[in-house]
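Working notes, beginning with the structure itself.
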Amino acid sequence: MDNNPAAGSNCTTNGGNILRRVPDSGRSCRYQSESESDMHPSVKSLARLCSRDEEERAAALEELSQGVMMCLGIDQSCSTRLNRQTLLHLLRLSRSCPLQKVRGKATELLRTAQEHGVDVPRALASGPSAFINAKEMLKEGPDQDILIESFLSSGRVDHITMVMALHPAYLSCVLKTQHALLELDGPLPRHWRHYIAVMAAARHHCSYLVQQHSTGFLEAGGEESWLGDLKHAPTKLRSLQTLNKLLAHRPWLITQQHIQELVCPGADPRWSLAELIHAVVLMAHAHSLCSFVWGCGLNPEPDHIGGYTFQPPSPGHLPRSPHSPAHEDGRQELVDGTMEVEVLMKRMVELQQQQEEEECTQEEMVTRFERERSESIPTAVVRGAPPDLVLHLVEDPEFRYEDFAPRGEQAPPTMRAQDYSWEDHGYSLVNRLLPDMGQLLDEKFQVVSNLTYHRMAMHEGVDTHTLRKALWNYIHCLYGIRYDDYDYGSVNVLLERSLKVFVKTLACHPEQTTARIYRAFWRHFRHSEKVHANLIVMEARLQAALLYTLRAITHYMR
């Protein structure tokens with residue numbers, strides 16, 4: 001684009017995002033950013049609005065306002081149009097910024113632009129989740145301070161953060177871990193980190209995360225062609241594809257041979273162990289985050305593809321984004337949710353008494369594990385091909401999760417937690433190869449495992465430890481990991497079938513999660529409690545995938 005000032009008048013918005021008057025071939029004129037790109041706003045362009053100094057933020061807000069008003073009030077002989085990127089930027093701020101002044105000003109500017117004849121975008125969804133009513137979620141009382149901190153740190157409060165804010169102690173750990181993975185010094189360049197996350201999210205058809213990390217990839221200087229097709233990415237990144245699909249769908253198949261092919265001296269191109277562990281944690285983190293996105297029914301961000309429209313609303317009709325979670329027709333069968341809660345609480349008490357009075361033999365414990373592992377739990381019909389957004393980023397799309405122990409087939413060897421555990425083996429290996437990351441992951445595992453509000457549905461003062469442990473161990477059971485000292489009979493007692501369907505779908509093929517599956521379990525529980533269950537699934541799945549990969553790396557290093 002011509003940078004000569006004579007090319008037209010300039011409007012500065014948001015402390016440096018330039019809207020420039022550009023002559024068209026005719027008499028009208030159009031407005032673009034200095035970058036001809038039609039991508040989402042740069043995080044850097046948000047720097048002043050994200051200042052921790054209130055006066056600095058106020059000045060940036062005033063500058064944003066003046067820039068927009070200038071563009072709306074120029075020579076009427078021109079067909080004026082605010083930059084699409086800026087309009088989407090304003091839409092996002094108006095929907096999710098936790099700073100009331102910024103949110104209010106963005107809303108006001110969009111309204112003013114519309115009054116001046118500008119086609120302004122509107123969000124297709126009423127809130128961050130298709131499963132959870134936005135008002136209900138706000139009523140649950142997300143921690144406003146952590147949302148403000150997230151905005152000041154990263155320039156946006158995305159839907160993941162808004163839903164996770166139902167559990168602020170956990171969210172704090174996630175934000176620290178993600179910042180270290182994506183931003184702090186490490187063996188991998190920043191644009192590679194985001195691209196690896198894109199590759200991982202594509203395995204679960206997660207357009208939400210693909211768009212999020214594609215934006216980060218481009219902002220970090222990545223080549224746009226890489227996002228169009230894997231073949232444009234460097235050979236070294238493409239060499240991760242086998243490990244990526246195994247981590248996402250069948251991590252128990254990962255062996256030291258897979259590690260050797262990437263890191264041994266003859267490998268071409270060769271990964272260092274530090275680079276590889278960084279990539280592995282990034283992939284496993286993205287895979288588990290896909291479970292959260294699908295399991296909470298997250299809607300696209302208002303400035304992402306599928307999250308907005310420039311079309312006016314039709315009377316009585318709200319268009320649904322093809323990137324939103326699936327909704328299903330049919331009314332939910334009415335049930336007495338109160339009775340469901342009472343039965344579960346009674347079972348928890350009886351189970352605890354039974355375990356104090358009886359002691360199972362080791363043989364019986366193994367039998368109960370095998371029974372649980374081979375139980376047939378139906379899941380939803382597999383969705384079709386990946387959406388266009390991720391189609392060219394998935395290699396071998398037919399490769400999916402298969403039950404660890406299909407009936408009538410030879411099962412892979414069970415991983416005994418006593419032989420290779422996070423506490424005794426995985427933690428120290430990650431910390432050695434990627435300093436501080438083991439500590440961050442461990443803190444996250446600890447927080448989600450111990451997270452409790454001592455309540456269950458309408459009951460207060462409840463010890464939910466046995467239920468939380470049953471959830472965690474059931475997920476590890478699905479991944480073929482057995483704890484010798486755990487009685488797997490507890491799983492069937494505490495986890496009713498609809499909950500197992502949700503957990504297995506979420507842990508093993510999250511892209512198949514539907515609103516019906518979400519609504520079918522714990523029907524009388526708070527949404528925050530269902531989100532809590534989702535966090536346990538997410539972290540248990542992450543740890544299981546890491547354990548298999550770290551064990552393979554340990555065997556290679558011997």
Side-chain angles (χ1 to χ4, degrees), residues 35 37-43 45-46 84-93 95-96 121-125 127-130 150 154-164 178 181-182 190-230 232-233 244 248 282-283 285-310 319-326 383 385-394 510-511:
S35 162
S37 169
D38 201 25
M39 292 301 297
H40 311 300
S42 166
V43 172
S45 74
L46 281 167
R84 177 188 182 95
Q85 176 177 322
T86 300
L87 288 168
L88 291 174
H89 183 171
L90 289 172
L91 176 64
R92 174 166 58 79
L93 289 173
R95 301 284 298 187
S96 61
R122 62 185 178 87
L124 284 171
S129 168
S150 177
S154 64
R156 70 158 63 219
V157 178
D158 59 26
H159 289 169
I160 291 176
T161 303
M162 292 172 75
V163 177
M164 279 189 184
Q178 287 192 155
L181 275 174
L182 296 168
R190 279 191 64 227
H191 66 297
W192 275 40
R193 303 180 199 191
H194 283 285
Y195 193 76
I196 289 168
V198 166
M199 289 165 51
R203 290 295 332 169
H204 286 307
H205 308 182
C206 190
S207 302
Y208 180 99
L209 287 177
V210 167
Q211 289 195 74
Q212 190 177 68
H213 286 289
S214 293
T215 300
F217 169 74
L218 293 169
E219 287 173 351
E223 290 284 338
E224 192 170 355
S225 62
W226 296 12
L227 298 173
D229 202 309
L230 280 170
H232 296 305
N244 182 28
L282 276 166
M283 288 188 288
H285 174 76
H287 295 150
S288 67
L289 210 50
C290 288
S291 291
F292 185 83
V293 169
W294 286 110
C296 290
L298 295 195
N299 289 312
E301 295 292 317
D303 59 339
H304 281 181
I305 296 169
Y308 64 88
T309 179
F310 280 87
R320 291 237 18 112
S321 160
H323 301 279
S324 294
R383 296 185 182 203
D388 291 342
L389 193 65
V390 302
L391 187 61
H392 301 297
L393 299 168
V394 180
E511 63 277 8

Partner set under salt bridge (charged side-chain N to carboxylate O under 4.0 Å, His left out) for Arg193, not counting sequence neighbours: none
From SG (Cys206) to NE2 (His287), nearest 0.5 Å: 10.5 Å
Asn244 side chain reached by Ile196 side chain, heavy atoms, under 4.5 Å: no
Residues Phe310, Leu87; criterion side chain to side chain contact (heavy atoms under 4.5 Å, CB included); working and verdict: CA-CA 10 Å; Phe310 280 87; Leu87 288 168; 4.1 Å; yes
Value rounded to 0.5 Å, distance of CD in Glu223 from NE2 in His232: 11.0 Å
Working for side chain to side chain contact (heavy atoms under 4.5 Å, CB included), residues Val157 and Met162: CA-CA 7 Å; Val157 178; Met162 292 172 75; 3.6 Å; yes
Result of checking Arg92, Gln211, Arg95 against Asp303 for side-chain hydrogen bond (donor to acceptor under 3.5 Å, both in side chains): Arg92
Trp294 versus Pro510, closest heavy-atom pair with distance: CB-O, 3.2 Å
Pair Cys290-Leu209, side chain to side chain contact (heavy atoms under 4.5 Å, CB included): steps then yes or no: CA-CA 7 Å; Cys290 288; Leu209 287 177; 3.8 Å; yes
Closest non-hydrogen atom pair between Ala200 and Ala286, with its separation: CB-CB, 3.6 Å
Residue pair Met283, Arg203: steps toward the side chain to side chain contact (heavy atoms under 4.5 Å, CB included) verdict: CA-CA 10 Å; Met283 288 188 288; Arg203 290 295 332 169; over 6 Å; no
Approximate separation, where rounding is to 0.5 Å, of Gln178 CD and Ser154 OG: 9.5 Å
Which atom of Gly306 lies closest to which atom of Leu124, heavy atoms considered: O-CD1, 3.4 Å
Euclidean distance, Thr309 OG1 relative to Arg122 CZ, rounded to 0.5 Å: 5.5 Å
Value rounded to 0.5 Å, distance of OG in Ser96 from CZ in Arg156: 7.0 Å
Asn299 backbone acceptor or donor facing His159 side chain under 3.5 Å: yes
Plane angle bin for His194 and His213 - parallel if under 30°, tilted between 30 and 60°, otherwise perpendicular: tilted
Gap separating the CG atom of Leu393 from the OG atom of Ser214, nearest 0.5 angstrom: 7.0 Å
Shortest non-hydrogen separation from Ser150 to Thr161 and the atoms involved: OG-CG2, 3.8 Å
Residue pair Glu301 / Tyr208, side-chain donor-acceptor N/O under 3.5 Å: yes
Heavy-atom closest contact (Val390 atom, Ala202 atom, distance): CB-CB, 4.1 Å
Aromatic ring pairing Tyr195/Phe217, orientation class (parallel under 30°, perpendicular over 60°, tilted between): tilted
